[in-house]
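First the structure, in the form of structure tokens, and then the observations on it.
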Amino acid sequence: MGDSSATMLLLHRAVVSAFRHACRFKSTSSKLCIQACSTNDSFQPQCPSLTFSGNNSSTREWRVMGTLLGLGAVLAYHDHRCKAAQELPRIYTREEVRSHSSPETRIWVTLGSEVFDVTEFVDLHPGGPSKLMLAAGGPLEPFWALYAVHNQSHVREILAQYKIGELSPEDKAPSTLKTSDPYADDPIRHPALKVNSQRPFNAEPPPELLTENYITPNPIFFTRNHLPVPNLDPDTYRLHVEGPPGGQSLSLSLDDLYQFPKHEITVTLQCAGNRRSEMTQVKEVRGLEWSIGAISTARWAGARLCDVLAQAGHQLCETEAHVCFEGLDSDPTGTAYGASIPLARAMDPEAEVLLAYEMNGQPLPRDHGFPVRVVVPGVVGARHVKWLGKVSVASEESYSHWQRRDYKGFSPSVDWDTVDFDSAPSIQELPVQSAITEPKDGATVESGEVTIKGYAWSGGGRAVIRVDVSLDGGLTWQVAKLDGEEQCPRKAWAWRLWELQAPVPAGQKELNIVCKAIDDSYNVQPDTVAPIWNLRGVLSNAWHRIHVHVRANP
């Protein structure tokens, strides 16, 4: 081997070594660095063949050596750029990240202190673009916490490819609440929730997350608060249960409640104002503009109310009686939230009314009544009193404003000048209900086949036996497949999720999708909103309708 060949071989080894080092070097600071320094096994260095022979001409040898020197220089420069990017990452503020929340501005997210531009990944997201867009301009942690699949190394590796910098360590969100503000101590909420009011806090999960699971994860369970959230000490908490004449009153700690037999049930809670926004389209109503998400399902655990009432000496009586609940949340005047249910329901073991202290296997979150709340299966959410402080039995229902002057239905002809709240009974069991959660209203679907998903539920323990779906506004119908837990007769406390896969009629440019549910009493949803409109916008359960566009074939 000649001197020049030996020199070139040494150079070859040095350059290949540098190349391998560059390929091993993984930058998470810029896409340029990642593309040049890929660790993908399929990446093969594209460099000239360096087979040396004594027959090669000196000119060719030096030409190859020149190529290698040039390649070495490029790699050295790129390696320097990658290291520089790693050592000095670009710094961004949270405000800058928030300003990048759409395809037009690009889509940025954060994880810990790192900032990522995921614009190019949105359409590749396995859970669908809409779910990733929920985190646009903000942190990924609250969303990743909902799905364990994210806690895998390959997911982190995919995300690392989109890193563009770091959050400024000095950029801390300033507190905007004053200590005198009664809402200053409210808990932190999940950013996916669609907020209908901040004070008091009321919010619902987006449709694309609502039926992702049969059991709604605690962080995105819809929240209905009427007053500031109390911050109660579980060690000093006491539930006061008034006894009957001649009986005994109880003052129960959490440990005392744990001594009663623990009972677990899956129950759907629905606000009386769920889907109120559809009534607003007919005529103005008073109340929060709930869409279809003021409903959620959880696995609750606690002591049965009938067991606690029995220990205090209460029994069923021949005359009408009511169990009144009072919460530990109150307004500045000291007025607490309150509600009541009939004593017959409270004392019936088959009604399974709970004094719940667990939600989905965990202590109740603060927004959902920690440390104890009432869960009344099959009954409107307004009676599921949170932060429960007192239970009593009376001959009349609770005198609370929310029992006597709210959550009642009226004729469409009644207005605020003629309404008489005493003339209408308080809402207890809710009517049959269903809604479409996928696709979203206004979305574009592919031609060929469309998948439609949603939920259905009925009050009073009545089971949903069928969900009918129409693609043409109600002219023709197809029966959806019901999913979820099987329901016991008269004890169907939880919703059924449903799904329909249907062919898109050829040539259709849009679909008017409608759903309606039927329960085991053959109650069915009314077809339109106008005949059930009422001034409070409650009991909104007309056929749910969405309009979608069909993508034209290329």
Side-chain angles (χ1 to χ4, degrees), residues 26-34 84-125 127-147 149-151 155-181 183-206 208-209 217-221 223 228-229 231 365-367:
K26 184 176 183 180
S27 166
T28 57
S29 300
S30 80
K31 294 180 181 178
L32 180 61
C33 292
I34 288 161
Q86 185 184 48
E87 293 168 2
L88 297 172
R90 179 75 182 272
I91 302 299
Y92 299 100
T93 65
R94 295 181 190 277
E95 185 176 354
E96 285 179 288
V97 175
R98 282 193 293 270
S99 68
H100 291 78
S101 58
S102 69
E104 292 74 26
T105 61
R106 302 196 66 81
I107 299 157
W108 292 7
V109 296
T110 66
L111 186 67
S113 62
E114 298 178 298
V115 180
F116 306 87
D117 182 343
V118 296
T119 309
E120 311 305 328
F121 183 70
V122 170
D123 289 335
L124 304 176
H125 185 246
S130 63
K131 294 185 177 65
L132 180 53
M133 285 299 294
L134 292 170
L140 286 173
E141 285 91 341
F143 301 92
W144 279 28
L146 296 176
Y147 306 106
V149 69
H150 292 112
N151 298 319
V155 177
R156 295 274 184 162
E157 291 172 3
I158 292 172
L159 182 62
Q161 300 178 44
Y162 299 92
K163 182 173 177 180
I164 58 173
E166 301 270 349
L167 281 172
S168 170
E170 300 176 357
D171 183 26
K172 297 180 180 179
S175 175
T176 58
L177 298 177
K178 299 179 180 179
T179 55
S180 59
D181 185 341
Y183 295 97
D185 196 32
D186 268 17
I188 297 172
R189 279 82 181 214
H190 197 284
L193 292 171
K194 175 192 171 188
V195 179
N196 290 318
S197 73
Q198 282 286 359
R199 304 182 190 185
F201 186 80
N202 291 281
E204 60 188 295
E208 53 266 46
L209 293 183
N218 290 356
I220 60 169
F221 199 99
T223 300
V229 176
N231 195 355
R366 281 185 60 204
D367 259 332

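Positions are given from 1, in the same order as the sequence printed here. Note that this is a predicted model, so its numbers are computed, not measured.
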Task: Interatomic spacing from NE2 in H190 to CD in E141 - rounded to 0.5 Å - done: 10.5 Å
TODO: Apply side-chain contact (heavy atoms from CB on, under 4.5 Å) to E114 and E166, showing your working.
DONE: CA-CA 4 Å; E114 298 178 298; E166 301 270 349; 3.9 Å; yes
- [ ] For side-chain contact (heavy atoms from CB on, under 4.5 Å), just list the numbers for Y92 and I164, CA-CA rounded to whole Å, side-chain angles, deciding distance to a tenth of an Å, and then say yes or no.
- [x] CA-CA 9 Å; Y92 299 100; I164 58 173; 4.0 Å; yes
Open item on the list: Set out, in order, the CA-CA distance, both residues' side-chain angles and the distance that settles side-chain contact (heavy atoms from CB on, under 4.5 Å) for V118 and H125, then state yes or no.
Closed with: CA-CA 10 Å; V118 296; H125 185 246; over 6 Å; no
Task: Under 3.5 Å: donor-acceptor pair, side chain of R199, backbone of Y183 - done: no
Open item on the list: Could you check whether E170 and S168, counting side-chain N and O atoms only, form a donor-acceptor pair closer than 3.5 Å?
Closed with: no
TODO: Take L167 and R94 through the side-chain contact (heavy atoms from CB on, under 4.5 Å) test and state the conclusion after the steps.
DONE: CA-CA 7 Å; L167 281 172; R94 295 181 190 277; 3.6 Å; yes
Open item on the list: Let me confirm one number: the CG-NZ distance from L209 to K194, rounded to the nearest 0.5 Å.
Closed with: 13.5 Å
Task: Shortest non-hydrogen contact between V115 and W108, atoms and distance - done: CG1-CE3, 4.0 Å
Open item on the list: Please check: side-chain N/O of T119 versus main-chain N/O of I107, any donor-acceptor pairing under 3.5 Å?
Closed with: yes
- [ ] Starting at CD of E204, measure out to OG1 of T223 and round the result to the nearest 0.5 Å.
- [x] 10.5 Å
Open item on the list: Looking at N202 and S197, would you say the former's side chain and the latter's main chain have a donor-acceptor pair under 3.5 Å?
Closed with: no
Task: Geometric class of the Y162/F121 ring pair [parallel <30°, tilted 30-60°, perpendicular >60°] - done: tilted
Open item on the list: Tell me the closest heavy-atom pair linking D117 and R106, and the distance in Å.
Closed with: OD2-NE, 2.7 Å
Task: Where P187 and R189 come nearest, the two heavy atoms and their spacing - done: O-CD, 3.1 Å
Task: D367 CG to N218 CG distance, which is reported to the nearest 0.5 Å - done: 11.0 Å
- [ ] Taking all heavy atoms of V195 and all of F201, pick out the closest pair and write down the distance.
- [x] CG2-CE1, 3.8 Å
- [ ] Please name the pair of heavy atoms, one in P103 and one in M133, separated by the smallest distance, quoted to 0.1 Å.
- [x] CD-CE, 4.4 Å
Open item on the list: Measuring from atom CG of L132 to atom CG of D123, what distance do you get when rounded to the nearest 0.5 angstrom?
Closed with: 9.5 Å
- [ ] Grab the two heavy atoms, one from V109 and one from A135, that are nearest each other, plus how far apart they are.
- [x] CG1-O, 3.6 Å
Task: From L111 atom CG to K163 atom NZ, the distance as rounded to the nearest 0.5 Å - done: 10.0 Å
